[in-house]
Q: 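Please see the structure below; I have some questions.
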Amino acid sequence: MCGRYTLTNVAPNLLGPLFGVDDVPLLSPRFNVSPTQDVPIVRVLSPGAPRTIELARWGLVPSWAKDVSIGDRMINARVETAAEKPAYRSSFKSKRCLVVTDGFYEWKKLANGKKQPCRMHLPDEKPFAFAGLWARWKDAEGSTLDTFTILTAEARAAVADVHDRMPVILSPDAYGPWLDPDEHRLDLLQSIVDARSGDDLVVTPVSTRVNNPRNEGPENVRPLFAQDPA
DNA sequence: CCAGACGTTGTT
DNA sequence: GTCTGG
DNA sequence: CCAGACGTTGTT
DNA sequence: GTCTGG
């Protein structure tokens with residue numbers, strides 16, 4: 001699954017070209033993104049409109065929810081079922097987004113029962129995108145809250161040694177159709193997420209300081225062991 | 001018809 | 001054990 | 001995902 | 001909102 005991630009490199013001249021966004025807001029580097037926090041997602045809000053990066057809350061709150069708290073349990077959506085599940089269906093059809101990241105954490109259960117946090121990232125540490133779904137919710141006073149969830153799938157490649165599930169990672173050529181709010185062909189959308197990327201991720205064990213969501217800072221992503229020379 | 005759920009993961 | 005908060 | 005709380009009443 | 005269960 002995916003319950004914690006990073007976005008450490010927030011340089012606009014890097015994120016803009018990578019995700020095809022003209023205006024990248026000022027963002028804080030994040031070393032321990034946790035559920036319920038506001039973090040940047042890429043969307044196309046109406047057909048033909050330019051892509052935007054804006055903050056949204058992690059934990060999808062469906063439009064019909066009576067309370068935001070339902071979002072606490074909607075941080076992930078299984079790619080095998082998201083298109084059909086009542087809570088995700090309408091978002092899958094027309095509210096898809098990219099979740100901007102440059103790594104995610106998984107906890108490997110060791111033989112001694114302890115858990116070793118590991119960070120999964122690209123060899124060059126470049127940012128990439130999780131496939132996400134978003135929703136717009138209105139509270140009793142009518143103010144809106146935009147929220148999102150991250151699609152998950154069976155783990156592949158190096159990640160499988162750590163955990164059995166992982167976020168769906170999109171290749172850049174999938175960004176266009178995935179973000180198009182007019183694209184309603186479920187079979188095409190399903191094929192995009194099924195053909196996910198991420199086989200080149202590398203696994204880096206890190207300090208247990210990432211366990212506590214309050215701990216931020218570059219120490220979180222520092223390799224626990226010395227790096228092998230290339 | 002109305003009432004109630006709507007989620008994932010891990011663990012047992 | 002289970003729920004809430006981050 | 002993990003960390004941390006988990007309760008009420010009355011009195012100060 | 002929409003589907004399932006009664």
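Just so it is clear, the model here is predicted, and its values are computed rather than measured. Scope of the values below: all heavy atoms of this structure, side chains included, with no hydrogens, waters or symmetry mates. Below, chains carry the letters A, B, ... as their sequence lines are ordered, and counting in each starts from 1.
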Q: Out of B/dT11, D/dC1, B/dT8, which has the shortest distance to the side chain of A/Lys109?
A: B/dT11
Q: Can a side chain N or O of A/Lys85 be found less than 4.0 Å away from OP1 or OP2 on B/dA5?
A: no
Q: Would you say a side-chain N or O of A/Thr81 is under 4.0 Å from OP1 or OP2 of B/dT8?
A: yes
Q: Mark yes or no for whether A/Trp58, through its side chain, and A/Phe148, through its backbone, hold a donor-acceptor pair below 3.5 Å.
A: no
Q: According to a strict under-4.0 Å criterion, is A/Asn212 in side-chain N/O contact with OP1 or OP2 of D/dC2?
A: no
Q: Could you list all the ring-ring contact (aromatic ring centres under 6.0 Å, His included) pairs where at least one residue sits in residues 178-201 of chain A, not counting sequence neighbours?
A: A/Phe92-A/Trp178
Q: Between E/dG1 and A/Ser63, counting only base atoms on the nucleotide and side-chain atoms on the residue, is there a donor-acceptor pair under 3.5 Å?
A: no
Q: Check the phosphate of B/dT9 against A/Arg78, side-chain N and O only, distance under 4.0 Å to OP1 or OP2. Yes or no?
A: yes
Q: So what does A/Asp72 touch, heavy atoms closer than 4.0 Å: a base, only the sugar-phosphate, or nothing?
A: nothing
Q: Would you mind classifying the nucleic acid contact of A/Ile70 as base, sugar-phosphate or nothing, using non-hydrogen atoms under 4.0 angstrom?
A: nothing
Q: Reckon A/Thr208 touches a base, only the sugar-phosphate, or nothing at all at heavy-atom distances under 4.0 Å?
A: nothing
Q: May I ask you to say what A/Ala77 touches in the nucleic acid, namely base, sugar-phosphate or nothing, with a heavy-atom cut-off under 4.0 Å?
A: sugar-phosphate
Q: Taking CH2 from A/Trp107 and P from D/dC2, how many angstroms apart are they, rounded to a whole number?
A: 6 Å
Q: Apart from A/Leu224 itself, what residues make up its hydrophobic cluster when side-chain heavy atoms of I, L, V, M, F, W and Y under 4.5 Å apart count as a link, directly or indirectly?
A: A/Phe225
Q: Taking OH from A/Tyr105 and C1' from B/dT9, how many angstroms apart are they, rounded to a whole number?
A: 20 Å
Q: In whole Å, measure the gap between the P atoms of B/dG7 and E/dG5 for me.
A: 13 Å
Q: Can A/Trp64 be called stacked on E/dT2 when the rule is centres closer than 5.5 Å and an angle between planes below 30°?
A: no
Q: Taking 4.0 Å as the cut-off, does a side-chain nitrogen or oxygen of A/Arg165 come that near to OP1 or OP2 on B/dT9?
A: yes
Q: Given D/dC2, is OP1 or OP2 found less than 4.0 Å from the side-chain N or O atoms of A/Asn32?
A: no
Q: Whole-Å distance between D/dC1 C1' and A/Met74 CE?
A: 17 Å
Q: Which nucleotide, B/dT11, B/dG7, C/dG6, lies nearest any side-chain atom of A/Lys115?
A: B/dT11
Q: Is A/Asp102 salt-bridged to A/Arg119, going by a charged N under 4.0 Å from an acidic O?
A: yes
Q: Measure CZ/A/Phe130 against P/D/dC1 and give the value in whole Å, please.
A: 15 Å
Q: So what does A/Phe104 touch, heavy atoms closer than 4.0 Å: a base, only the sugar-phosphate, or nothing?
A: nothing
Q: Between A/Arg89 and A/Glu84, is there a side-chain N and carboxylate O pair less than 4.0 Å apart?
A: no
Q: Quick one: do A/Asp146 and A/Arg43 make a salt bridge, cutoff under 4.0 Å?
A: yes
Q: In whole angstrom, give me the gap between the C1' atoms of D/dC6 and B/dA5.
A: 26 Å
Q: Suppose you measure atom P in D/dT11 against the same atom in B/dA3; what distance do you get, rounded to whole Å?
A: 43 Å
Q: Take atom P in D/dT8 and the same atom in C/dT4, then report the distance between them in whole Å.
A: 14 Å
Q: A/Arg73 CZ to D/dC1 P: how many Å, rounded?
A: 14 Å
Q: Suppose we define a pair by two distances each less than 3.5 Å, Watson-Crick or G-U wobble; what does C/dT2 pair with here?
A: D/dA5
Q: Take the protein atom CD of A/Glu216 and the nucleotide atom P of C/dG6, then report the distance between them rounded to whole Å.
A: 14 Å
Q: Check every atom of C/dG6, B/dG7, D/dC1 against the side chain of A/Ala87 and return the nucleotide holding the closest atom.
A: B/dG7
Q: Whole angstroms only, please: what is the NZ-P distance between A/Lys66 and B/dC6?
A: 13 Å
Q: Which value, in whole Å, describes the distance between the P atoms of nucleotides B/dT12 and D/dC1?
A: 14 Å
Q: Closest heavy-atom contact between A/Arg196 and A/Val168?
A: CB-CG1, 3.9 Å
Q: Check whether any side-chain nitrogen or oxygen of A/Thr152 sits under 4.0 Å from OP1 or OP2 of B/dT8, and answer yes or no.
A: no
Q: For the pair made of CE in A/Met1 and C1' in B/dT9, what is the distance, rounded to whole Å?
A: 6 Å
